[in-house]
K.L.:
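Sharing a structure with you now.
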Amino acid sequence: MLMFQADELIKIRRDLHQIPELGYEEVKTQRYLLKKIAKLPNQYLTVETWRTGIFVHVTGRDATRTLGYRADIDGLPILEQTSYEEFQSLHKGAMHACGHDFHMTIALGVLSYLAYNQPKYNCLFIFQPAEEGPGGAKPMLESAPFRRWKPDQMLALHIAPEYPVGTIATKVGLLFANTSELFITLKGKGGHAAYPHTANDMVVASSHLVTQLQTIVARNVNPLDAGVITIGVIKGGTKQNIIADTAVIEGTIRTRSIETMKKIKKRIESLVQGVEVGFECTITIDYGANYCQVYNDKEVTEDFIRFAEKKESVHLIICDEAMTGEDFGYFLEEIPGLMFWLGVDSQYGLHDARLEPKEEAIPLAVETIIDYLNS
Ligand SMILES: CC(=O)N[C@@H](CCC[C@H](N)C(=O)O)C(=O)O
């Protein structure tokens, strides 16, 4: 058997699409990937698992340099609503809605080529869990296998539903934002719906807080800078005629700079104090997982751009930065490298239950990365 061909890659993507697992629960995914890797000739490969992730080291002809390639492997808690009839998620309520099934398949495709064709330099493939949270990049970066095989350069891609197949988009410098998760719990006094004067209603308090949080970006962030506060979850109460004693707000904060992130958090804390006083309740804040920005190295990215410009099958776009987050940023904090967007042309975007990326992008990406590694 030779490297995985286009039809096999599509099958791999569909298999992986059916078994999405949340961060650090990627047990079946890890088993599946290990099985595929075990089918490859092992002359140049050394495989090591790390929690639910995997490192694969490929020995090159010249061991003076190592190139790192990272693919994230976790899914999202989304009930799939695609038109796929034959390969929808078998894990009800979980979905590969951020393209990690594509990311893994592309990494396997490149790896399968290198298993048959020894690369010039060493390569390190990193199949990383928990990108959507709580974050796998930082602990993997600090792990023993990574320190032993530490790459000199890092590369990763992310699918981009808004671009046609064949498009690669990237830029020098900031590509993705600094992010912080946000979990706020409000605790007050519940009671009978007919006796509001005896209780502190946490549904009302949390509603006020959500509205106040929206003023931070509108009124505290310099309009020439940028910030995002999205509240994705608001939960409170148990029954329509019971005043809620607890409410929970969950969201995410995005900024272009660390300073703005600090400023936003300070404002959140002040507003929370105000709601505590105003509604006579207790509020706790937990910032969950924080990711640093994705910052593409100038030299490596310019070199990649020159390569992509020359490649006929690629339409290169120099894009703007986005407020998405990615813990791949931690690799780039320590090692020069880049991330790029891969066009997959879906009507529905990332984190949408209807995301349907076009599979033709997979063999194209595999071929492009192989060419880049050989360039
Ligand atoms: C590419 C992408 O969609 N990444 C996620 C990363 C999530 C980070 C963290 N869980 C958070 O919500 O802040 C994103 O939502 O941008």
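Along the sequence shown, residues are numbered consecutively beginning with 1.
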K.L.:
Donor-acceptor pair, E356 side chain versus T82 backbone, under 3.5 Å?
P.N.:
no
K.L.:
Is the count of non-hydrogen atoms from other residues, nucleotides or ligands lying under 6.0 Å from K138 atom NZ greater than 12?
P.N.:
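Not more than 12 within 6.0 Å, no.
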K.L.:
First locate atom CG of L157, then atom CD1 of I168, and finally report the distance between them rounded to the nearest 0.5 Å.
P.N.:
8.0 Å
K.L.:
Does the distance from a Lys or Arg side-chain N to an Asp or Glu carboxylate O, for K298 and D303, drop under 4.0 Å?
P.N.:
no
K.L.:
Any side-chain heavy-atom pair from K187 and C281 closer than 4.5 angstrom?
P.N.:
no
K.L.:
Within the 4.5 Å heavy-atom criterion, are V56 and Y69 side-chain neighbours or not?
P.N.:
no
K.L.:
Does a side-chain N-to-carboxylate-O contact under 4.0 Å join D101 and R13?
P.N.:
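Salt bridge flag = yes for R13 with D101.
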K.L.:
Over all heavy atoms of both residues, which pair between C123 and F125 is shortest? Give the atoms and the distance, please.
P.N.:
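Residues C123 and F125, closest heavy atoms: CB-CE1, 4.0 Å.
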K.L.:
Using distance alone, with no hydrogens and no angle criterion, decide if T282 and E276 have a side-chain donor and acceptor under 3.5 Å apart.
P.N.:
no
K.L.:
May I ask you to decide if the ring planes of H96 and H17 are parallel, tilted or perpendicular, using 30° and 60° as cut-offs?
P.N.:
tilted
K.L.:
Say whether H100 and D74, considering side chains only, have a donor N or O and an acceptor N or O under 3.5 Å apart.
P.N.:
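Yes - a donor-acceptor pair under 3.5 Å links their side chains.
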K.L.:
Between the side chain of T167 and the main-chain N/O of Y163, is any donor-acceptor distance below 3.5 Å?
P.N.:
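It does not hold such a pair.
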K.L.:
Quick one: do Y372 and L175 end up in the same hydrophobic cluster if we chain Ile, Leu, Val, Met, Phe, Trp and Tyr together by side-chain heavy atoms under 4.5 Å apart?
P.N.:
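Yes; tracing contacts between hydrophobic side chains, which count when under 4.5 Å, links both residues.
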K.L.:
For Q240, is the CD atom crowded, meaning more than 12 foreign heavy atoms sit under 6.0 Å from it?
P.N.:
yes
K.L.:
Check Y32 against I12 and note the closest heavy-atom contact, atom names and distance.
P.N.:
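Heavy atoms of Y32 and I12 come nearest at OH-CA, 3.4 Å.
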K.L.:
Any side-chain heavy atom of L76 sitting closer than 4.5 Å to one from P20?
P.N.:
no
K.L.:
Within 45° of the ring axis of Y348 and under 6.0 Å from its six-membered ring centre, is that where the NZ or CZ of R354 lies?
P.N.:
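Yes, R354 sits over the ring of Y348.
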K.L.:
For the rings on F127 and W50, is their centre-to-centre separation under 6.0 Å?
P.N.:
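That pair fails the under 6.0 Å test.
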K.L.:
State whether a side-chain donor-acceptor pair under 3.5 Å links E131 with H103.
P.N.:
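Looking only at side-chain atoms, H103 and E131 do not form any donor-acceptor pair under 3.5 Å.
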K.L.:
Return the minimal non-hydrogen interatomic distance between L155 and F328, and the atom names on each side.
P.N.:
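In this case the closest contact between L155 and F328 is C-CZ, 3.8 Å.
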K.L.:
Is a side-chain donor-acceptor pair under 3.5 Å present for K263 with N222?
P.N.:
no
K.L.:
Nearest 0.5 angstrom please: L209 CG to I268 CD1, how far?
P.N.:
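The CD1 atom of I268 is 8.5 Å from CG of L209, to the nearest 0.5 Å.
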K.L.:
May I ask you to decide if the ring planes of W149 and F55 are parallel, tilted or perpendicular, using 30° and 60° as cut-offs?
P.N.:
perpendicular
K.L.:
Do N200 and M202 have side chains that approach each other closer than 4.5 Å (heavy atoms only, starting at C-beta)?
P.N.:
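The answer is yes; the side chains approach within 4.5 Å.
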K.L.:
Could you tell me whether the side chain of R254 and the main chain of M261 form a donor-acceptor pair under 3.5 Å?
P.N.:
no
K.L.:
Measure across M140 and P129 and return the closest heavy-atom pair with its distance rounded to 0.1 Å.
P.N.:
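Shortest heavy-atom contact: SD-CD, 3.9 Å.
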K.L.:
Do T215 side-chain atoms and T211 backbone N/O form a donor-acceptor pair below 3.5 Å?
P.N.:
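Side chain of T215 to backbone of T211: no pair is present.
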K.L.:
Can you check whether V172's main-chain N or O pairs, donor with acceptor, with Y295's side chain at less than 3.5 Å?
P.N.:
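Answer holds: no.
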K.L.:
For T66 and K150, does a side-chain donor sit closer than 3.5 Å to a side-chain acceptor?
P.N.:
no
K.L.:
Using only heavy-atom distances, determine whether the side chains of T29 and R31 contain a donor-acceptor pair under 3.5 Å.
P.N.:
no
K.L.:
Does the side chain of N290 come under 3.5 Å of the side chain of S180 through a donor N or O and an acceptor N or O?
P.N.:
yes
K.L.:
Keeping T230 on the side-chain end and T252 on the backbone end, is there a donor-acceptor pair under 3.5 Å?
P.N.:
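Side chain of T230 to backbone of T252: no pair is present.
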K.L.:
Please check if atom CD in E280 has more than 12 non-hydrogen atoms from other residues, nucleotides or ligands closer than 6.0 Å.
P.N.:
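At most 12 heavy atoms, drawn from other residues, nucleotides or ligands, come within 6.0 Å of this atom.
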K.L.:
On a heavy-atom basis, which atom in Y291 and which in A130 lie closest, and how many Å separate them?
P.N.:
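Nearest heavy atoms, Y291 then A130: OH-O, 3.5 Å.
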K.L.:
If I take atom CD1 from residue I78 and atom CG from residue L355, how far apart are they, to the nearest 0.5 angstrom?
P.N.:
9.0 Å
K.L.:
Has the side chain of R70 got a donor or acceptor atom that lies under 3.5 Å from a matching backbone atom of A156?
P.N.:
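Absent.
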K.L.:
Would you call K92 and E80 a salt bridge, taking side-chain N to carboxylate O under 4.0 Å as the test?
P.N.:
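Judged by the 4.0 Å cut-off on N to carboxylate O distance, K92 and E80 do not form a salt bridge.
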K.L.:
Would you call E269-K262 a salt bridge at under 4.0 Å N-O?
P.N.:
no
K.L.:
Identify whether the distance between the nearest side-chain nitrogen and carboxylate oxygen of E8 and K36 falls below 4.0 Å.
P.N.:
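Yes, E8 and K36 are salt-bridged.
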K.L.:
If we check side chain to side chain contact (heavy atoms under 4.5 Å, CB included) with F4, which of these qualifies: I362, T105, L40, V110?
P.N.:
L40
K.L.:
What's the spacing between T52 OG1 and K28 NZ if we round to 0.5 Å?
P.N.:
14.0 Å
K.L.:
Does K358 pair with D345 as a salt bridge, N-O distance under 4.0 Å?
P.N.:
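Yes.
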K.L.:
Going by atom types only, do Q293 and R256 share a side-chain donor-acceptor pair under 3.5 Å?
P.N.:
no
K.L.:
Strictly below 4.0 Å, N to O, side chains only: are K11 and D15 in salt-bridge contact?
P.N.:
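Looking at K11 and D15, the cut-off is met.
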K.L.:
Are the side chains of H197 and Y195 in touch, meaning some heavy atoms are under 4.5 Å apart?
P.N.:
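Answer yes - side chains close enough.
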K.L.:
Pick one: which of E326, E321, H158 meets side chain to side chain contact (heavy atoms under 4.5 Å, CB included) with V294?
P.N.:
E326
K.L.:
What do you reckon, is CZ of R219 surrounded by more than 12 foreign heavy atoms closer than 6.0 Å?
P.N.:
no
K.L.:
Could you check if a side-chain atom of T255 sits within less than 4.5 angstrom of a side-chain atom of T179, using non-hydrogen atoms only?
P.N.:
no
K.L.:
Does the distance from a Lys or Arg side-chain N to an Asp or Glu carboxylate O, for K311 and E367, drop under 4.0 Å?
P.N.:
yes
K.L.:
I'd like to know if the side chain of D297 and the backbone of V300 have a donor-acceptor N/O pair within less than 3.5 Å.
P.N.:
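Flag set: sc D297 to bb V300 pair under 3.5 Å.
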K.L.:
How far apart are the closest heavy atoms of G190 and D245, and which atoms are they?
P.N.:
N-CB, 3.3 Å
K.L.:
Before you tell me yes or no, could you show the steps for Q118 and R61 under side-chain hydrogen bond (donor to acceptor under 3.5 Å, both in side chains), namely the whole-Å CA-CA distance, both residues' side-chain angles and the distance that decides it to 0.1 Å?
P.N.:
CA-CA 7 Å; Q118 187 179 27; R61 301 190 299 278; 5.6 Å; no
K.L.:
Check the hydrophobic clustering (I, L, V, M, F, W, Y; side-chain heavy atoms under 4.5 Å; chains of links allowed) and say if L271 and V275 are grouped together.
P.N.:
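Per the 4.5 Å side-chain linkage, L271 and V275 are co-clustered.
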K.L.:
Would you say L34 and I106 are hydrophobically clustered, going by side-chain heavy atoms of ILVMFWY under 4.5 Å?
P.N.:
yes
K.L.:
Can you find a pair of side-chain heavy atoms, one from V58 and one from N122, that are under 4.5 Å apart?
P.N.:
no
K.L.:
Do T246 and L186 make a side-chain contact, defined as non-hydrogen atoms from C-beta onward lying under 4.5 Å apart?
P.N.:
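They are not in contact (no side-chain heavy atoms under 4.5 Å apart), so the answer is no.
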K.L.:
Starting at OG of S89, measure out to CG of L79 and round the result to the nearest 0.5 Å.
P.N.:
8.5 Å
K.L.:
Do the side chains of I184 and V203 join up, straight or via other hydrophobic residues, at under 4.5 Å, putting them in one cluster?
P.N.:
no
K.L.:
Working to the nearest 0.5 Å, report the span between CG of N296 and CE of M339.
P.N.:
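Separation between the atoms: 8.5 Å.
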